[in-house]
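Quick caveat, the model's predicted, so the values are computed rather than measured.
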Amino acid sequence: MGNSEKKHPLVEVWNTYPGIRQNRKILNVPPIERIIGEMFAIGEFYYYVLNLTNSTLSHHHKNILKLHGLACFPVNLKDLIDLTHPDDISFVLKAEQTVIEKIIEIGFEHQLYLKSSYCFRMKTAEGNYELFHHQAVITMEDESGQPVQAINIHTNIHHITKENPYTVLISGIGPRNDFQQIKLDHCRPSGSHEHLTHRETEILSLIAKGYSGPEIAKMLILSEHTVRTHRKNILRKTDSRNSKELVKKAFERGLV
C-alpha cells in the first residue's frame with residue numbers, strides 16, 4: 001500500500017524551507033574534519049552526513065553502532081528518529097522548525113557559518129533512553145543558495161546531566177559570532193534560578209567550551225579583570241563551585 005514510503009513528520013520539516021527543490025545532488029565529500037573542529041563534544045559522540053534533498057545518511061562515524069547497539073549503519077533519517085524518546089518527538093519537530101526560522105531571520109547567505117544545537121533523549125545499546133546533545137551545521141548549498149547537506153553530531157551527555165533545557169541555540173562558527181538562545185517554554189520543566197545577563201550567558205558558554213580567561217577577554221574585547229568579575233558572578237548565580245559544575249549548568253540551560 002506504499003506505507004513504507006511514508007515519511008515521518010520530522011523528515012518533512014526541512015522541505016518547508018523556502019524555495020526548497022527536489023532531486024538535488026550532493027556534488028562532493030563534505031569537509032567533516034573541519035566541521036568537527038568547530039563542534040563541542042564532551043563525551044562519547046558520533047557524526048553523520050544528512051542529505052537534505054532525500055533524508056538519507058552517509059559518512060557515519062563508527063560510534064553510532066556502539067552507542068545505539070545497531071548492527072548496521074542507518075540509511076535514512078527515520079532510522080534515527082525511531083531511536084528518539086516518543087515524548088521528545090514534538091520538541092525535536094519544534095526545535096528544527098525554530099532553526100529554520102532563525103536561519104531565515106539571520107539570512108540565507110550566512111547559513112554555512114551557523115551551528116544549531118539542542119538536546120533530546122535517544123535509546124542506547126543498553127535499552128535505556130539517555131540525553132544526547134545534537135549539533136548541526138549546513139555544509140553545502142546548491143547554485144540557488146538552498147541547503148543540500150548538513151553534518152550532525154550527537155554526543156551522549158547523560159553523565160553530565162539528565163535535565164533537558166528544552167532550548168535551541170544558534171551560534172556562529174568561522175567568521176560569525178552569532179549567539180541566539182530560544183527557550184521552548186511549552187516543554188520546559190518548572191523551576192527557577194537567578195537570571196544571568198546576556199554577557200554572563202555568553203561568557204558561561206565560552207567557559208564551557210574550554211576557553212581560558214585571557215582567551216575570552218580577547219574574543220569579547222574585554223579586560224581580563226572584567227572577565228574574572230563576570231566569572232565570579234556566574235559562579236554565585238549558578239551556585240557552582242568550579243568550572244566542572246559550570247559545564248553542567250551550561251548544558252542544563254542549553255548554552256552549548
Assess the side chains of Y46 and H154: does a donor N or O sit below 3.5 Å from an acceptor N or O? yes
Sort out for me which residue in H158, H68, H159 forms a ring pair (Phe, Tyr, Trp, His ring centres under 6.0 Å) with F132. H68
Side-chain heavy atoms under 4.5 angstrom apart, residues restricted to Ile, Leu, Val, Met, Phe, Trp, Tyr: same cluster for M122 and L93? yes
Given side-chain contact (heavy atoms from CB on, under 4.5 Å), test L169 with F179 step by step and report yes or no. CA-CA 7 Å; L169 181 66; F179 186 87; 3.6 Å; yes
State yes or no: do I170 and I104 share one hydrophobic cluster built from I, L, V, M, F, W and Y residues joined by side-chain heavy-atom distances below 4.5 Å, directly or via other members? yes
Can you find a pair of side-chain heavy atoms, one from L131 and one from K162, that are under 4.5 Å apart? no
Counting only heavy atoms not in N177, do more than 12 sit closer than 6.0 Å to its CG atom? no
Distance-only side-chain donor-acceptor flag, Y47 / Q135, under 3.5 Å: no
Quick check: do I153 and H61 have side-chain heavy atoms less than 4.5 Å from each other? no
Just do the ring-ring contact (aromatic ring centres under 6.0 Å, His included) check on F91 and Y166 with the steps written out, would you? CA-CA 8 Å; F91 165 69; Y166 297 98; 5.2 Å; yes
Membership question, hydrophobic clusters at under 4.5 Å side-chain separation (ILVMFWY): are L204 and M219 in the same one? yes
Close side-chain approach of E101 to E105, heavy-atom, < 4.5 Å: no
With the side chain counted from C-beta on, respond yes when P86 and Y129 share a heavy-atom pair under 4.5 Å apart, and no when they do not. yes
Can a donor-acceptor pair be found between the side chains of T124 and E126 at a distance below 3.5 Å? yes
Polar contact flag, side-chain donor to acceptor under 3.5 angstrom, E44-N156: no
